[in-house]
*Asks:* 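The structure follows.
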Amino acid sequence: MITIQSVSKSFHKQKVLDDISLTIERGEIFGLLGPSGAGKTTLIRLITGAEKRDSGEIFVDAVSVPDRKVLQRIGFMPQNDALYTDITGFENLRFFGGLFGLHGAVLKEKISECLQLVDLSQDAKKPVSNYSGGMKKRLSLAAALIHSPDVLVLDEPTVGIDPVLRRKIWEEFDRQRNSGKTIIVTTHVMDEIQYCDRAGLIYEGKLIACDTVEQLRKMGKGSVENLFFFTKQGENDL
Amino acid sequence: MSCLIIRILKQIESDKRLIGLIIAAPILLLSLIYLLLGDSGYQPKIAVKGLPPQLVTALEKQDCSLITTDKEADTLLRDKDADGVLSMINSSIHIKILENDAVKTGLVTAAVKNALTEYMPAGSMTTEFIYGTETQSMFDTMGYIMLGILSFFFVFIIAGISFVRERTGGTLERFILSPIKRWQIVAGYTIAFGILSAVQSLIVLIYSEFVLNMNIGGKFVEAACVMLCLALCAVSLGTLVSIFSNNEFQIVQFIPIAVIPQIFFSGLIPLDTIPMGLGKIAYAMPVYYACTALKKLIIYHQGFGDISSYLFVLLGITLVLSAINTLALRRYRKI
């Protein structure tokens, strides 16, 4: 379980996150929705410890982050592919697995398991520079899964991906969730909310709603997107 | 076309460091070259042994400081008590000099030549070096300096750029969010490039000896150790510079600041001929320690014991820079 309590963060005196509190339950897909620049990535970076919060608390299973032991349990997939394009897919996974202390036969087994999962077994020996965009994305996901983390943090995992692959990737998230993993995923594509269990809506650094997807739809009079417009209208009325 | 000009100038304007560099670096480097290569005012120390008094008088008028002594010429030169020792052999003047360097040899021979014209214009003189001969090429006497400079330069660039690419490619952000400790990242980088440069040093040394006839004299292991230690320094410096650079371009901008001055202070110019005590700046330059150690090995044919202190200094600089790098990596992960 991940608990975020009144977290705020500013960059150069500009408030990027303002008093965010929410809880992410174990074994659910939690979506962070919001337009570009709303603060989704910053919130994720605070959870992983890449960035320091100005105030508030973040706990992963009662351990305050940042914490190196918590990092061992998080699989992080950044917005860009963040792979080494001059070496093969296999070598990429060997590096990322090694960072988490995997080695020898266990590492090899884990690599082939992850490659199979993302359907890249055939291409493992090719340099990543020869991969297509979708293949890179899948390899990036495999790298996030290599150390069997129980929390997956995915920053815009489906951006720039064709609809068929996009569905496939979400189906994979579904499988991961069903095997007990907690998944935090950011997106600015509203219709992707249908794949989430619960979602938090972030707009200009504030959490404007956080609920089950069903409840959010109801609040938005049928469409979650409306909630952003309601907020914007509310601001304009003031 | 004007839009292109404007865009380029705008881009440059946004990079304050670049503007500073375009203006400051040439000024800095030119001033350095002026100070290093200009009239140094250095007075060569000339020891005279058994010369006719008229010649000594003529020498006294020259721009040099004379020492009258009966000590062994080699001892005087090795202890740096004298830059040249004069004696008479078969009515010709014999100059003994430590090594054929760029500045001192010229100053000593010029002083003697001037004095000689006054005293006996028909007189002849011979020059002898303890290390090397007059017929040695520039490469024989200076080549070792390039060994140091080249290995430093390339490792600095490669390490700096590959670390910056980790950042621009996002891979640093990704792998730093693993339980790896920050010092392990720094150490891993240093060791990986250390292995690379160990291979590089050996190949370069073997090529220099057998193809270019540099006369390393079987000191391969020792010379490779020096180059390796220097390369470790270069990795640490490259990494440090890359932590504070946003792209490859900015790494290249550091070359005039981090690399070129080291070339001047590598031993290319004798340090004690540099005016205003500026030669002491060399003590802050890794390349100086490496080149001095290489000189001891290749020119003076000294052994491991004589260069160990230089290796320790290089390793010390590497350790200090690595510690700074480990701290600086906090920019990317707060634990």
Side-chain angles (χ1 to χ4, degrees), chain A residues 9 41 44-54 58 60 63-87 91-102 128-129 136 139-144 146-147 149 151-156, chain B residues 14-17 154-155 157-196 199-200 235 238-239 242-248 251 325-335:
Chain A
K9 174 76 189 171
T41 301
I44 274 188
R45 288 169 61 85
L46 293 181
I47 296 172
T48 56
E51 208 65 66
K52 219 170 156 178
R53 55 189 178 268
D54 295 342
I58 298 177
V60 174
V63 182
S64 174
V65 297
D67 181 274
R68 278 202 326 119
K69 287 209 182 76
V70 168
L71 282 177
Q72 178 77 43
R73 299 179 39 212
I74 295 180
F76 173 58
M77 180 174 161
Q79 218 169 82
N80 51 7
D81 295 321
L83 299 163
Y84 299 92
T85 52
D86 32 17
I87 55 178
E91 287 161 340
N92 266 279
L93 293 183
R94 188 169 59 187
F95 169 69
F96 288 114
L99 287 176
F100 289 91
L102 298 176
V128 174
S129 51
K136 283 186 195 155
L139 183 64
S140 183
L141 176 61
I146 191 79
H147 57 294
V151 179
L152 268 178
V153 179
L154 312 159
D155 196 2
E156 305 262 8
Chain B
S14 72
D15 193 345
K16 297 284 182 283
R17 201 187 298 174
F154 286 115
V155 177
I157 297 286
I158 296 171
I161 287 191
S162 70
F163 200 76
V164 136
R165 280 176 57 189
E166 292 260 20
R167 301 238 320 282
T168 48
T171 46
L172 178 70
E173 160 114 348
R174 176 170 211 152
F175 90 70
I176 212 167
L177 291 178
S178 71
I180 192 169
K181 294 188 174 93
R182 277 181 281 124
W183 69 263
Q184 289 174 320
I185 298 174
V186 175
Y189 250 82
T190 313
I191 293 168
F193 281 102
I195 293 169
L196 183 74
V199 175
Q200 184 209 38
V235 179
T239 312
S242 71
I243 290 175
F244 295 101
S245 302
N246 296 320
N247 50 49
E248 287 94 332
I251 296 276
N325 287 338
T326 306
L327 284 173
L329 274 179
R330 283 187 76 95
R331 273 179 74 155
Y332 305 107
R333 189 180 73 188
K334 304 302 173 190
I335 42 169

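Numbers restart at 1 for each chain; the letters A, B, ... are given by sequence-line order, proteins then strands.
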*Asks:* Find the distance between CZ (Phe95(A)) and CZ (Phe175(B)) and round it off to the nearest 0.5 Å.
*Replies:*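 Result: 4.5 Å between the selected atoms.
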*Asks:* Closer than 3.5 angstrom, by distance alone: can the side chain of Arg174(B) be matched with the main-chain N or O of Ser140(A) as a donor-acceptor pair?
*Replies:*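 Yes, Arg174(B) side chain to Ser140(A) backbone: donor-acceptor pair under 3.5 Å.
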*Asks:* Between Glu166(B) and chain A, with a heavy-atom cut-off of 4.5 Å, which part of the residue counts as in contact: side chain, backbone, both or neither?
*Replies:*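 The side chain, not the backbone.
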*Asks:* Who wins among Gly98(A), Gly101(A), Ala50(A) for the most heavy-atom pairs under 4.5 Å with chain B?
*Replies:*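 Highest number of heavy-atom pairs under 4.5 Å: Ala50(A).
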*Asks:* Which region of Tyr332(B), side chain (C-beta onward) or backbone (N, CA, C, O), has a non-hydrogen atom less than 4.5 Å from a non-hydrogen atom of chain A, or is it both or neither?
*Replies:*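 The backbone, not the side chain.
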*Asks:* Return the OG1 to CG distance between Thr48(A) and Leu177(B), rounded to the nearest 0.5 Å.
*Replies:*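 Going from the OG1 atom of Thr48(A) to the CG atom of Leu177(B) covers 4.5 Å.
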*Asks:* Between Met77(A), His147(A), Arg45(A), which residue shows the highest count of heavy-atom pairs closer than 4.5 Å to chain B?
*Replies:*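 Among Met77(A), His147(A), Arg45(A), the one with the most close pairs to chain B is Arg45(A).
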*Asks:* Check each atom of Gln79(A) against the heavy atoms of chain B and say whether the ones under 4.5 Å are side chain, backbone, both or neither.
*Replies:*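 It is neither, since no heavy atom gets under 4.5 Å.
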*Asks:* Give the minimum heavy-atom separation between Leu99(A) and Ser178(B), together with the two atoms involved.
*Replies:*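 Nearest heavy atoms, Leu99(A) then Ser178(B): CB-OG, 3.7 Å.
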*Asks:* Give the minimum heavy-atom separation between Ala82(A) and Gly170(B), together with the two atoms involved.
*Replies:*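 Closest heavy-atom pair between Ala82(A) and Gly170(B): CB-O, 3.4 Å.
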*Asks:* Is it the backbone or the side chain of Phe76(A) that comes under 4.5 Å from a heavy atom of chain B, or both, or neither?
*Replies:*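 Looking at Phe76(A), backbone and side chain both touch chain B.
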*Asks:* Quick check: closest heavy atoms across Asp86(A) and Arg165(B), and the distance to 0.1 Å?
*Replies:*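 Closest approach of Asp86(A) to Arg165(B): OD2-NH2, 3.7 Å.
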